[in-house]
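Okay, structure first, notes after.
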Protein chains: 2
Amino acid sequence: MREPWEPATADIELPQVMHALADPARLEIVARLASLDGESCSGTCAGIDLHKSTLSHHYRVLREAGVTHTTIEGRSRRVRLRRDDLAARFPGLLDAVLAAVGPVLADAGS
Amino acid sequence: MREPWEPATADIELPQVMHALADPARLEIVARLASLDGESCSGTCAGIDLHKSTLSHHYRVLREAGVTHTTIEGRSRRVRLRRDDLAARFPGLLDAVLAAVGPVLADAGS
DNA sequence: CGGACAGATTGATATCCGTCCAACCATCAA
DNA sequence: TTGATGGTTGGACGGATATCAATCTGTCCG
């Protein structure tokens, strides 16, 4: 069990991506990932008021939809947006969503 | 009961729009509406193999999310995409989705 | 080794969603 | 008014989802 499963770029499906981005919690996660341009830890340090396991679930949904890429890094996970893959498959979609979700509330971690 | 309810442009919410566009059936409806550039009848003549009431339900979800505008026209309904409103609120989003949903299978009506 | 830590997994629960069916309502034409 | 047509509404039902709580797995440190 090295890297958790995620779909290949060509297998990313629009409805799944849309569904993954249809939840406020996941939208906020994605917005944070975008503002951090890449990395983030999943789980407790996400600054979202949800249970650990709930967060883990949301991260899984995002990953399995092809929105994020997770790298296991010791006992942490590095989660990154699959901007290039998404852009290759659905040009402009992620950018539009990120623009729509608005300025990330920021100041969370930094 | 003249025109069915739909949200004002400023009240269109991203999660609801995303959710409305996260279903294959609704995506196909939207794709058809886009290819027809505007109009369509809801219900039976949509060319989608779903029950009347199911179609009606999907049309309602789209309308209440702010994706479509419905005009009652006798016993029919004219459904149109709210392209301008969507573009004003979430620039590029609908375009990206329409591009992503791919070439509409067409030959539906014409 | 043993404890602390980060997160995943599983189970339970309540809710929501998509679909169908049947009944209903409004409009148009005789 | 009667009947047919296009859609909507409400109920039912199976399946998915979001959430939490508790437990498990794997990693880092001493």
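Order of the sequence lines sets the chain letters (A, B, ...), proteins ahead of strands, with each chain counted from 1.
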Problem - Minimum-distance nucleotide to S76(A) side chain [options: dG7(C), dC20(C), dC20(D)] - result: dG7(C)
Fill in the blank from the handout: Out of dC20(D), dG18(C), dA18(D), minimum distance to the side chain of V61(A) belongs to dA18(D)
Rounded to whole Å, please give me the gap between [atom1] in [X] and [atom2] in [N].
{"X": "L62(A)", "N": "dT17(D)", "atom1": "CG", "atom2": "C1'", "value": "14 Å"}
{"X": "E3(B)", "N": "dG7(D)", "atom1": "CD", "atom2": "C1'", "value": "15 Å"}
{"X": "H58(B)", "N": "dT9(D)", "atom1": "NE2", "atom2": "P", "value": "15 Å"}
{"X": "I29(B)", "N": "dT19(C)", "atom1": "CD1", "atom2": "P", "value": "10 Å"}
{"X": "L27(B)", "N": "dG18(C)", "atom1": "CG", "atom2": "C1'", "value": "14 Å"}
{"X": "M18(B)", "N": "dC16(C)", "atom1": "CE", "atom2": "C1'", "value": "19 Å"}
{"X": "E73(A)", "N": "dC28(D)", "atom1": "CD", "atom2": "C1'", "value": "14 Å"}
{"X": "K52(A)", "N": "dG26(D)", "atom1": "NZ", "atom2": "C1'", "value": "13 Å"}

Are [X] and [N] close enough that a side-chain N or O sits under 4.0 Å from OP1 or OP2?
{"X": "H57(A)", "N": "dA18(D)", "value": "yes"}
{"X": "T54(A)", "N": "dT19(D)", "value": "no"}
{"X": "R60(B)", "N": "dG7(D)", "value": "no"}

Practice task
Report the residue (L50(A) or R75(A)) whose heavy-atom-nearest nucleotide on DNA chain D is the more 5′ of the two.
Solution key: L50(A)
Fill in the blank from the handout: Whichever of R26(A) and G74(A) has the more 5' nearest nucleotide on DNA chain D, that residue is R26(A)
Problem - Under 3.5 Å donor-acceptor, R26(A) side chain and H19(A) backbone - result: yes
Problem - Nearest atoms (heavy-atom pairs only) where E6(A) meets T70(A) - result: OE1-N, 3.8 Å
Handout entry: D11(B) atom CG, neighbour heavy-atom count above 12 within 6.0 Å
Key = yes
Practice task
Would you mind reporting whether L33(B) and R80(B) have side-chain heavy atoms less than 4.5 Å apart?
Solution key: no
Problem - Salt bridge flag under 4.0 Å for residues R32(A) and E28(A) - result: yes
